[in-house]
> 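Here's a structure for you.
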Amino acid sequence: MPSPLASSPTERLDRLFVALADGNRRAMVDQLSRGPASVSDLARPLALRLPSAVKHLAVLEAGGVVQSDKAGRVRTYRIAPDAFGGLENWVAERKAQWHRQFDALEALLESQDKP
């Protein structure tokens, strides 16, 4: 899969949203927020078979949410550094835009209230 760093910010954000769109993947992210875990550890509470868990983890990795290391036969996953940086920036930009629009609306309504 292509590196999450080798594409445009829009493409990375799209892959992040796809990665987080599934409940099983969000549950894996929740579990990984408490620390690194193996594929087996991530699959067990979700009653997933290992091949299904690996597919979900591949989507999370492609989305830039997780990173993995392999030691022997065990692959361990962890939350990627700055996994949600692009999402935080996107939300902050939308929030600033909404505040500007609400401020403009408030100013308009106040100007109409004055005789």
Side-chain angles (χ1 to χ4, degrees):
M1 292 200 178
S3 165
L5 302 176
S7 58
S8 74
T10 300
E11 291 169 331
R12 288 192 302 272
L13 189 60
D14 288 347
R15 280 199 308 274
L16 176 63
F17 278 121
V18 167
L20 297 174
D22 181 85
N24 285 323
R25 292 192 291 267
R26 286 191 307 275
M28 289 177 168
V29 170
D30 287 342
Q31 187 174 349
L32 289 170
S33 70
R34 294 185 289 278
S38 69
V39 176
S40 298
D41 292 338
L42 292 165
R44 192 173 303 114
L46 300 171
L48 290 175
R49 296 179 190 266
L50 291 181
S52 294
V54 168
K55 287 180 182 180
H56 283 299
L57 288 161
V59 174
L60 288 169
E61 199 160 16
V65 179
V66 301
Q67 292 178 333
S68 67
D69 298 309
K70 190 170 183 180
R73 293 174 27 157
V74 177
R75 184 166 291 279
T76 302
Y77 288 83
R78 65 187 39 75
I79 300 291
D82 199 35
F84 302 105
L87 178 60
E88 290 169 347
N89 293 339
W90 185 83
V91 168
E93 289 169 8
R94 303 291 84 66
K95 190 175 179 179
Q97 180 182 6
W98 297 330
H99 281 290
R100 285 191 301 273
Q101 290 175 342
F102 287 135
D103 290 345
L105 177 60
E106 182 180 33
L108 175 65
L109 293 175
E110 285 178 1
S111 72
Q112 291 179 346
D113 284 345
K114 295 181 183 177

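Just the heavy atoms: all of them, side chains too, but no hydrogens, waters or symmetry mates, feed the values below.
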> Identify the two heavy atoms, one from L46 and one from A27, that lie closest to each other, and give their separation to 0.1 Å.
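Residues L46 and A27, closest heavy atoms: CD2-CB, 3.6 Å.
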> V59 versus M28: any side-chain heavy-atom pair under 4.5 Å?
no
> Shortest non-hydrogen contact from Q67 to A80?
CG-CB, 3.7 Å
> Would you please name every residue forming a side chain to side chain donor-acceptor pair (under 3.5 Å) with D69, sequence neighbours left out?
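Testing D69 for side chain to side chain donor-acceptor pair (under 3.5 Å), a comparison that skips the adjacent residues, returns R78.
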> Filter on side-chain hydrogen bond (donor to acceptor under 3.5 Å, both in side chains), then keep only pairs touching residues 29-58, sequence neighbours left out; what's left?
R25-H56, S38-D41, D41-R44
> Quick one: hydrophobic cluster around L109, which other residues, with the 4.5 Å side-chain cut-off, linked directly or via members?
L105
> What closest approach, in Å, do G63 and A19 show between heavy atoms, and which atom pair accounts for it?
CA-CB, 4.3 Å
> Sort and list the pairs that fulfil side-chain hydrogen bond (donor to acceptor under 3.5 Å, both in side chains) and have at least one residue in residues 80-102, not counting sequence neighbours.
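Residue pairs with at least one partner in residues 80-102: there are none.
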> For Y77 versus L32, what's the shortest heavy-atom pair and its separation?
O-CD2, 3.3 Å
> Would a hydrophobic clustering, with Ile, Leu, Val, Met, Phe, Trp and Tyr connected at side-chain separations under 4.5 Å, put L42 with V74?
no
> Out of curiosity, L16 CG to L60 CG, how far, rounded to the nearest 0.5 Å?
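Output value for this atom pair is 9.5 Å.
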> At what distance, to the nearest 0.5 angstrom, does CG of L48 lie from CG of N24?
4.5 Å
> State which residues pass salt bridge (Lys or Arg N to Asp or Glu O under 4.0 Å) with R26; sequence neighbours excluded, sorted by chain then number.
none
